2 protein chains.
Amino acid sequence: MSYTSIPKPTESELEILHILWEHGPSSVRFVNERLNEEREVGYTTTLKLMQIMADKGLAVRNTDNRTHIYEAAVSEADTQKRLLQKFVSTAFRGSAMKLVMQALGNHEASPEELDEIKALIEKMESDDDK
Amino acid sequence: MSYTSIPKPTESELEILHILWEHGPSSVRFVNERLNEEREVGYTTTLKLMQIMADKGLAVRNTDNRTHIYEAAVSEADTQKRLLQKFVSTAFRGSAMKLVMQALGNHEASPEELDEIKALIEKMESDDDK
DNA sequence: TTGCTTTTACGAAGAGCTTCGTATATAATT
DNA sequence: AATTATATACGAAGCTCTTCGTAAAAGCAA
């Protein structure tokens, strides 16, 4: 099968992407070991997922060596942006503000983090004035 | 089938919940008509989904009359909170702040909304002082 | 009453995701 | 060379979600 555009990663694929983003190009064995630190996953399960990810264009693999090496083909920021857009539209009917309010209200944010967010907002507002 | 705890709604179920939240108790026909304002959906498809939602505990139905009336059994705020928690953990590895920054950075919020968020932050900060 | 309409009930197909068993190939070990 | 270990390839089963066809029940209209 082939894809005209890169589809959005599933939950399992996202788990693997996080490992690839954090550690860079990795073998199936390495990824499977990282996954097994969280929960039990069979080696061939991880292999299959990574093959599918390569097929989907979410990862590229280098087959020069016997042990194939996979690398993320999508960036963390872009992927999170895409997922967020989808999530905001489905769960919050497009209201990013509602989401932000929920996130701020539910999770304990440190004073430093709150200041960071405030600074970002002020920066955006001053940019808009221009 | 029965459930020990109420599962999180799927995308289609969420669409229906939004209609029930907005319009209150509704018949299958009414919900189906609202859905068809967005995209084509068969009547029995909507019916089946709503029956499943009642089974899952996401909705309750009143069968007194021939035309059953369904009502949301979960609140909008609680549901969004649950979905958000799940989303933050999978897509942002638990960093709610990263998510907030992304959401704000993507220009998905209007200037008025930004002011509201700033007000919320200031309120939270003053609460912390106490 | 005899059909027409609306409604619910049931079941099953099709798609996508996850999981893993089995086969096969290749390398390393003895 | 024979055995063992490690890799990839393939296919299929099980699950959930979505979709809808068909049947049965219940009210309405002629």
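What you see is a predicted model; the values in this text were computed from it and never measured.
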Indicate yes or no: does B:K118 engage B:E113 in a salt bridge with an N to O separation below 4.0 Å. no
Take the protein atom CG of B:L35 and the nucleotide atom C1' of D:dT19, then report the distance between them rounded to whole Å. 13 Å
Length of the CG-C1' vector between B:N32 and C:dT7, whole Å: 13 Å
When the side chains of residues 35-42 of chain A are checked against the rest of the protein, which donor-acceptor pairs come out under 3.5 Å, sequence neighbours left out?
| from | atom 1 | to | atom 2 | distance (Å) |
| --- | --- | --- | --- | --- |
| A:N36 | OD1 | A:V41 | N | 3.1 |
| A:N36 | ND2 | A:N32 | O | 2.8 |
| A:N36 | ND2 | A:N32 | OD1 | 3.3 |
| A:N36 | ND2 | A:V41 | O | 3.0 |
| A:E37 | OE2 | A:R34 | NE | 2.8 |
| A:E37 | OE2 | A:R34 | NH2 | 2.8 |
| A:R39 | NE | A:E15 | OE2 | 3.2 |
| A:R39 | NH2 | A:E15 | OE1 | 3.0 |

Roughly how many Å is it from CG in B:L47 to C1' in D:dA24, rounded to a whole number? 13 Å
Would you please confirm or rule out a distance under 4.0 Å between OP1 or OP2 of D:dA9 and any side-chain N or O of A:Q51? yes
Go through the steps to decide whether B:F92 and B:Q102 satisfy the test side-chain contact (heavy atoms from CB on, under 4.5 Å), and finish with yes or no. CA-CA 10 Å; B:F92 287 82; B:Q102 267 274 13; 3.8 Å; yes
By salt bridge (Lys or Arg N to Asp or Glu O under 4.0 Å), B:K8 pairs with (sequence neighbours left out) none
For the pair B:E11 and A:K86, find out whether any cationic side-chain nitrogen is under 4.0 Å from an anionic carboxylate oxygen. yes
Between C:dT7 (P) and B:R61 (CZ): distance, integer Å: 15 Å
Sequence neighbours left out, cut at 3.5 Å: what donor-acceptor pairs do the side chains of residues 20-28 of chain B make with other protein atoms?
| from | atom 1 | to | atom 2 | distance (Å) |
| --- | --- | --- | --- | --- |
| B:W21 | NE1 | B:V74 | O | 2.9 |
| B:H23 | ND1 | B:I19 | O | 3.3 |
| B:S26 | OG | B:G24 | O | 2.6 |
| B:S27 | OG | B:F30 | N | 3.1 |

Can you pull out the residues from residues 15-22 of chain B that lie within a 4.0 Å heavy-atom distance of DNA chain D? none
Once you round it to whole Å, what is the distance between P of D:dC17 and CE of B:M50? 17 Å
Between P on D:dC17 and CG on B:L14, what's the gap in Å once rounded to a whole number? 13 Å
Assess whether side-chain contact (heavy atoms from CB on, under 4.5 Å) is satisfied between B:L17 and B:E76, documenting all intermediate values. CA-CA 8 Å; B:L17 278 176; B:E76 182 169 14; over 6 Å; no
Per-nucleotide protein contact along nucleotides 17-30 of chain C, 5' to 3', at a 4.0 Å heavy-atom cut-off (B base, S sugar-phosphate only, - neither), is SBBBBB---BS---
Rounded to the nearest 0.5 Å, what separation is found between the CG atom of B:D55 and the NZ atom of B:K48? 9.5 Å
A:F30 CZ to D:dT8 C1', in whole Å, measures 20 Å
With sequence neighbours left out, the residues meeting salt bridge (Lys or Arg N to Asp or Glu O under 4.0 Å) with B:K81 are none
For A:H68 and D:dT8, give me the distance from atom NE2 to atom P, rounded to whole Å. 5 Å
